[in-house]
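In what follows, a single structure is set out as structure tokens and then discussed.
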Protein chains: 2
Amino acid sequence: MTTRDHALLRIAVDLCVLTVREGSLQALIITRGNEPFAGRLALPGGFVRTDEDIPDAAIRELGEETGLDLGRLHLEQCGVYGEPDRDPRGRVISVAHLVVMPDLPLPVAGSDASGAAWRPVDEIRGGLAFDHDRILNEAVERARRRLELTTLATRFCLPEFTIGDLRTVYEIVWGEPVDPRNFSRKVVNTEGFVQPTGTKRVPPTGRPAALYRTGAATTLNPPILRAGGH
Amino acid sequence: MTTRDHALLRIAVDLCVLTVREGSLQALIITRGNEPFAGRLALPGGFVRTDEDIPDAAIRELGEETGLDLGRLHLEQCGVYGEPDRDPRGRVISVAHLVVMPDLPLPVAGSDASGAAWRPVDEIRGGLAFDHDRILNEAVERARRRLELTTLATRFCLPEFTIGDLRTVYEIVWGEPVDPRNFSRKVVNTEGFVQPTGTKRVPPTGRPAALYRTGAATTLNPPILRAGGH
DNA sequence: TCAAAAGTGTTGGATCTACACCCATGG
DNA sequence: CCATGGGTGTAGATCCAACACTTTTGA
């Protein structure tokens, strides 16, 4: 081995928590209370503790900063950001995570952050602290691809949802319209994507829609592809 | 913020370097010279230095342990492995990388490792130190998916290759036969996958095959899918 | 002329897109 | 009975697996 100057570093988790809300794709954003970047917007996150596994740190930080319980939510590693100067406090390596959840009321913010709130991705893009803009963009792009190849979209929905709800998720995350009639068939004919509950939901106007729950499948075969190729 | 016991940790890079050689998918494996796991097989890797970016550390370690120059090779992060007890020396978090390269003669092993060598993935599976079996399996599975969706396969080939060479890569990495006639058309008709050099290579027996170079595209649209779905 | 590998033509089936059309409900 | 959203039928285009067949070389 060469010189033994391998560093002792701090390692952090950052969370890109996404939901579909009020007709747009939104991310959970905190306003930083401390330096560096005090007063600026950032993704929730924090340092990993001694003897703490990385997913556990992500779950803990999300609870501390937003009051959310990751128990039933989709949590997925989506990159390591380790440039030496990415944090002015010194060397910090961050493991970014993508979290997807339905539009639930936010519990009151916990001790750590002076307010976590949903903000439309399109509004905050370009204004985040650290390298969080890059993390956000890469996480959103990953979510878009995941909708093509996996059943991730159901994670944006409440436990019971209609095909229309699911289609809205695709339209908002992809930012393009999806044909309701063909989409309905694709979803229902894809083994394990959704399972009917047998019940229906009556909309304010129009025909009642069948309700579904998430199915057992995780990958979509065949995939559901966006129109533009990519 | 809560208690400030966030740890100072060591961070390492591990490298899953893959090639197609002698009719099988092979990985670059070292025999460990030091404890822990002295004498056992492992993936190349080592600690990240102070002020060193993570990809730079991967490139440096590969050079030190194998003499290879990553300059023109495919290098891709493929996961973070951070369980508290994964390394008996203490808390070490590893960023795993997938490297893909053609079957080139290995430079003489450098200072660090007493011998890096190609070993068929199927032979070493289950026998690696640390959690490297898991890293290897996940990296190989990622490579398999990458062949479906990207032009990664050309990275297994020398600068000039035939469609047959490329097909062999698919067959060996996927572990299943691919129809030569349909494959040829798919590759040639996919914009930007390969570009003809205008020259040919004459095999020991049979009709000469046109030679190609890597094209400009990185993603395959449409994808080239395996038979079994997944 | 034969073996071997490269490459083309073609066909039937699967799948997707686009859109016409029908269904079920509240006002 | 009308507006609204849910859902089905279907024709045409497109894509793809399978395989017969042709091409081009060395021996």
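Every value quoted in this text rests on a predicted model; they were computed, and no experiment measured them. Protein chains get the first letters and strands the later ones, always in sequence-line order, with residue 1 at the start of each.
- Under 4.0 Å is where a charged nitrogen must lie from a carboxylate oxygen, and between B:Glu160 and B:Arg201 no such pair does.
- Counting to the nearest Å, the P atom of D:dG9 and the NZ atom of A:Lys186 are 18 Å from each other.
- One atom, CZ of B:Phe183, and another, P of C:dA5, lie 17 Å apart when rounded to the nearest Å.
- Between the side chain of B:Gln26 and the main chain of B:Val121, no donor-acceptor pair closer than 3.5 Å is present.
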Criterion side-chain contact (heavy atoms from CB on, under 4.5 Å) on B:Ile163 and B:Val188, from CA distance to verdict: CA-CA 9 Å; B:Ile163 303 294; B:Val188 172; 4.1 Å; yes

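- Rounded to an integer number of Å, the gap from B:Asn189 CG to C:dT8 C1' is 12 Å.
- Remark: side-chain polar atoms of A:Asp179 are paired, donor with acceptor, to backbone N or O of A:Asn182 under 3.5 angstrom.
- Put simply, CZ on B:Arg226 is 17 Å from P on D:dC16, counting in whole angstrom units.
- Within residues 156-174 of chain A, no residue places a heavy atom under 4.0 Å from DNA chain C.
- Note on A:Pro222: only backbone sugar-phosphate atoms sit closer than 4.0 angstrom, heavy atoms only; bases stay farther off.
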Which letters describe nucleotides 18-27 of chain D, given B = protein heavy atom under 4.0 Å from base, S = only from sugar-phosphate, - = neither? BBB--BBBS-

Could you give me the CA-CA distance, side-chain angles and deciding distance for A:Ile224 and A:Phe193, then say whether side-chain contact (heavy atoms from CB on, under 4.5 Å) is met? CA-CA 12 Å; A:Ile224 297 181; A:Phe193 195 175; 4.0 Å; yes

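- Under the ring-ring contact (aromatic ring centres under 6.0 Å, His included) criterion, B:Tyr81 pairs with no residue at all, not counting sequence neighbours.
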Test log, rule side-chain contact (heavy atoms from CB on, under 4.5 Å), inputs B:Leu43 and B:Leu28: CA-CA 7 Å; B:Leu43 299 178; B:Leu28 203 52; over 6 Å; no

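- Between A:Ile172 and A:Ser24, the shortest heavy-atom distance links the atoms CG2-C, 3.4 Å.
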